[in-house]
Colleague: 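Submitted below is the structure of interest, expressed as structure tokens.
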Amino acid sequence: MVYAIVKAGGRQEKVSVGDVVVVDKVSEEIGSSIELQPLMLVDGDAITVDAAKLGKVTVKAEIVDATKGPKISIIKYKNKSGYRKRQGHRQKLSVVKITEIA
């Protein structure tokens with residue numbers, strides 16, 4: 001089984017061909033192809049972590065959808081002063097499907 005650890009949106013994800021992964025928003029259009037940076041490649045018993053060898057490895061993915069994450073409530077409060085502030089945030093995300101590890 002071939003899989004790779006890639007850097008995607010500030011996090012590391014374990015991916016193999018056919019996997020669908022949710023990453024931070026990517027600026028490309030839906031349906032376009034992107035290339036993710038591999039940090040480690042496992043091909044059966046062979047494990048590759050050398051930067052020179054990983055430079056030749058490409059992990060290609062296709063952008064499937066653009067979504068938003070769960071709502072996060074941000075509440076600020078100061079006692080005895082009447083200060084209250086509510087704010088919400090939903091992170092923009094991209095859904096990508098891994099098409100090729102070569």
Side-chain angles (χ1 to χ4, degrees):
M1 181 172 159
V2 178
Y3 68 89
I5 306 294
V6 296
K7 186 175 184 180
R11 290 189 302 264
Q12 295 177 5
E13 300 278 347
K14 176 183 173 184
V15 297
S16 59
V17 175
D19 285 354
V20 177
V21 183
V22 178
V23 298
D24 286 344
K25 183 182 177 192
V26 181
S27 60
E28 278 79 14
E29 307 265 332
I30 294 174
S32 64
S33 181
I34 60 171
E35 197 167 305
L36 301 173
Q37 177 186 357
L39 301 175
M40 183 172 87
L41 178 69
V42 177
D43 187 5
D45 292 333
I47 299 173
T48 307
V49 292
D50 185 27
K53 292 179 183 177
L54 285 175
K56 301 171 187 172
V57 176
T58 60
V59 178
K60 293 186 180 179
E62 178 185 351
I63 300 174
V64 178
D65 194 14
T67 62
K68 288 185 178 181
K71 180 138 188 176
I72 298 171
S73 296
I74 303 157
I75 300 171
K76 296 181 180 180
Y77 174 79
K78 294 204 177 190
N79 194 15
K80 300 178 185 170
S81 65
Y83 175 76
R84 276 186 262 165
K85 184 177 179 182
R86 286 183 64 182
Q87 184 178 358
H89 176 74
R90 288 187 73 184
Q91 184 69 32
K92 294 181 180 178
L93 304 170
S94 294
V95 179
V96 298
K97 181 176 182 180
I98 307 301
T99 57
E100 178 185 354
I101 298 176

Colleague: When you group the ILVMFWY residues by side-chain heavy-atom contacts below 4.5 Å and let the links chain together, are Val17 and Val59 in the same group?
Modeller: yes
Colleague: At what distance, to the nearest 0.5 angstrom, does CD of Glu100 lie from OG of Ser33?
Modeller: 8.5 Å
Colleague: Consider only side-chain N and O atoms of Gln87 and His89, and report whether a donor and an acceptor are under 3.5 Å apart.
Modeller: no
Colleague: Looking only at heavy atoms, which two atoms of Lys71 and Arg90 are closest? And how far apart?
Modeller: CA-CG, 3.7 Å
Colleague: Would you give the length of the straight line joining atom CG of Leu36 to atom CD1 of Ile5, rounded to the nearest 0.5 angstrom?
Modeller: 12.5 Å
Colleague: Return the NZ to OG1 distance between Lys92 and Thr67, rounded to the nearest 0.5 Å.
Modeller: 11.5 Å
Colleague: OG/Ser27 to CD1/Ile34 distance, rounded to the nearest 0.5 angstrom?
Modeller: 9.0 Å
Colleague: What are the two closest heavy atoms between Leu54 and Leu39, and how far apart are they?
Modeller: CD1-O, 3.1 Å
Colleague: Within this structure, what is the CD-CD distance for the pair Gln37 and Gln12, rounded to the nearest 0.5 Å?
Modeller: 9.5 Å
Colleague: Could you tell me which non-hydrogen atom of Asp24 sits nearest to which non-hydrogen atom of Gly9, and how far apart they are?
Modeller: OD2-O, 2.9 Å
Colleague: For Ile63 and Val26, what are the C-alpha separation, side-chain angles and deciding distance, and is it a side-chain contact (heavy atoms from CB on, under 4.5 Å)?
Modeller: CA-CA 8 Å; Ile63 300 174; Val26 181; 4.0 Å; yes
Colleague: So which heavy atom on Lys97 is nearest to which on Gly18, and how close?
Modeller: CE-O, 4.0 Å
Colleague: Starting at CD1 of Ile101, measure out to OG of Ser16 and round the result to the nearest 0.5 Å.
Modeller: 6.0 Å
Colleague: Among all residues two or more places apart in sequence or in another chain, which pass the salt bridge (Lys or Arg N to Asp or Glu O under 4.0 Å) test with Arg84?
Modeller: none
Colleague: Can you pull the side chain to side chain donor-acceptor pair (under 3.5 Å) pairs that have at least one residue in residues 38-64, sequence neighbours excluded?
Modeller: none
